[in-house]
Structures are given as structure tokens and as C-alpha cells.
Amino acid sequence: MTRTIHLSLDINGRQHELDVEPRVTLLDALREHLALTGTKKGCDQGQCGACTCHVDGRRVLSCLTLAAQVEGRRITTIEGLAAENGDLHPVQAAFIENDAFQCGYCTPGQIMSAVACIREGHAGSDEEIREYMSGNLCRCGAYNSIVAAVREAAEMA
């Protein structure tokens, strides 16, 4: 018999109730239990950053975070970044303006990291942006455009 736990998760400003096995990661809870598939599963080992989301405003790798660990905390995914009226977050708009994606698979994690990078005050130079975004990999090599997008969004903030 598989044991489950009941969780109440605050995701993008809405409460979600779910029953999951204790070992379910935040990533799998989002994608498989709540159909919030914007957060991507890349390496599933915490090395690529595709699963980056925010917990209490700080970036986390959701593939390495148990869903049970974030109960009672505020979770933001890529789906919750835009304004309720549909206006894009400045980082999302800057990614489009700067063509900061190719295949798009890493883009949600890149955007979530970029928002945190700017919020943390680590967007003062291209070198600093590269350093603080280094946990997010882009297999297509859109790094120059990503840095330009982060710089542009930081200047608007």
C-alpha cells in the first residue's frame, strides 16, 4: 500500500489541494498533478535549470525540492509571472524583444532565473548576469541574447 500525504500549496496566488506520495518533487507535483507544464523537466538532477521556479521569491530547482517542503510557502511558476490582465512581465517582454530563445525549452527556467537575478541585484554588468544565470543551460546557445534581455529588463526595473 502506497502512503500519501495531503498538501495545500499556494501556487501563483491560488490554493491547490493534492494527495501525493511523500517523495514527489515540486516539479512532478506541478506538471503531473496540477497540469502546470510551463516548468520544464530537463535533466531531473538539478544541473540544467529548466525547472527553476520561485519559492517565497527565491529561485529554486523544483526537481530537487520535495513538494512537502514548500507547503505553506508562496510558489510562483512561469504561468504566474504575467499580470492577471495578460500583460507580460518585463523579463518576458525583453526575452521576446531580444530573441532570447530558439527551441524555447529552457526559456521558462531562464526567465524565472532572470527575474530572480534582477531582484537579487545581480544584473549590474554582462559578466555579473552571466555568473548569476550560469545555473541555467541553453543547448541552442542563445546566451548572448539572454544576457541582452536580462540587461534590458534590469534597466527597466
Side-chain angles (χ1 to χ4, degrees), residues 9-14 16 18 20-21 23-67 69-70 73-120 122-123 125-157:
L9 299 178
D10 177 356
I11 302 170
N12 302 326
R14 294 184 54 217
H16 296 270
L18 62 156
V20 296
E21 292 182 29
R23 65 182 177 186
V24 168
T25 63
L26 175 57
L27 175 61
D28 288 338
L30 292 170
R31 293 183 58 80
E32 297 174 16
H33 296 275
L34 299 171
L36 293 169
T37 58
T39 304
K40 301 303 181 202
K41 184 179 274 198
C43 67
D44 210 20
Q45 297 177 356
Q47 306 220 352
C48 72
C51 68
T52 303
C53 63
H54 298 170
V55 175
D56 292 336
R58 298 186 60 156
R59 55 183 144 177
V60 300
L61 298 172
S62 61
C63 73
L64 297 180
T65 305
L66 294 176
Q69 290 176 282
V70 296
R73 298 172 74 189
R74 192 179 77 252
I75 303 157
T76 306
T77 68
I78 191 71
E79 291 93 345
L81 206 53
E84 286 192 29
N85 68 2
D87 288 347
L88 294 179
H89 185 281
V91 172
Q92 291 172 307
F95 265 65
I96 293 169
E97 183 67 29
N98 288 278
D99 293 323
F101 52 89
Q102 287 181 33
C103 81
Y105 197 82
C106 73
T107 304
Q110 295 278 2
I111 289 172
M112 296 304 288
S113 256
V115 169
C117 181
I118 293 166
R119 185 184 305 129
E120 294 162 2
H122 298 299
S125 68
D126 286 3
E127 294 75 26
E128 188 176 34
I129 292 168
R130 288 181 193 284
E131 175 68 24
Y132 284 88
M133 292 289 294
S134 65
N136 291 78
L137 303 179
C138 172
R139 294 177 192 261
C140 301
Y143 293 112
N144 291 336
S145 297
I146 291 168
V147 170
V150 175
R151 185 177 56 249
E152 180 181 303
E155 289 169 358
M156 294 171 50

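Just so it is clear, the model here is predicted, and its values are computed rather than measured. Heads up: numbering here begins at 1 and tracks the sequence.
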Flag for Arg59-Thr52: side-chain donor and acceptor within less than 3.5 Å: no

Ala29 to Val24 - nearest heavy-atom pair and separation: N-CG1, 3.8 Å

Heavy-atom side-chain contact between Glu127 and Val147 under 4.5 Å: no

Arg73 CZ: over 12 foreign heavy atoms closer than 6.0 Å: yes

Contact check, side chains of Ile146 and Phe95, non-hydrogen atoms, under 4.5 Å: yes

Ile75 side, atom CD1; Leu26 side, atom CG - distance, nearest 0.5 Å: 5.0 Å

Closest heavy-atom pair and its distance - Met112, Thr76: CE-O, 3.3 Å

Arg151 (side chain) donor-acceptor with Asp126 (main chain) under 3.5 angstrom: no

Side-chain heavy-atom pair Leu27, Asp44 within 4.5 angstrom cut-off: yes

Residue pair Leu61 / Thr65: nearest heavy atoms and the distance that separates them: O-OG1, 2.9 Å

Smallest separation among heavy atoms of Gly46 and Cys63, with atom names: N-SG, 3.2 Å

Interatomic distance, Ile118 atom CD1 to Met133 atom CE [nearest 0.5 angstrom]: 8.5 Å

Ser62 side chain near Thr25 side chain, heavy-atom distance below 4.5 Å: no

Exam field: side chain Asn98 to backbone Ala100, donor-acceptor pair closer than 3.5 Å: no

Heavy-atom check, side chain of Asn136 versus side chain of Tyr143, under 4.5 Å: no

From Gln110 atom CD to Ser113 atom OG, the distance as rounded to the nearest 0.5 Å: 7.0 Å

Verdict with supporting geometry, Asp28 and Lys41, side-chain contact (heavy atoms from CB on, under 4.5 Å): CA-CA 9 Å; Asp28 288 338; Lys41 184 179 274 198; 2.8 Å; yes

Non-hydrogen atoms of Ala123 and Ala154 that approach each other most closely: CB-CB, 3.7 Å

CG on Leu34 to CD on Glu79, rounded to 0.5 Å: 10.0 Å

Considering all heavy atoms, the nearest Ala142-Cys138 contact: N-SG, 3.4 Å

Between CG on residue Leu30 and NE2 on residue His16, distance to nearest 0.5 Å: 8.5 Å

Point-to-point distance, once rounded to the nearest 0.5 Å, from CD1 of Ile11 to CG of Leu36: 6.0 Å

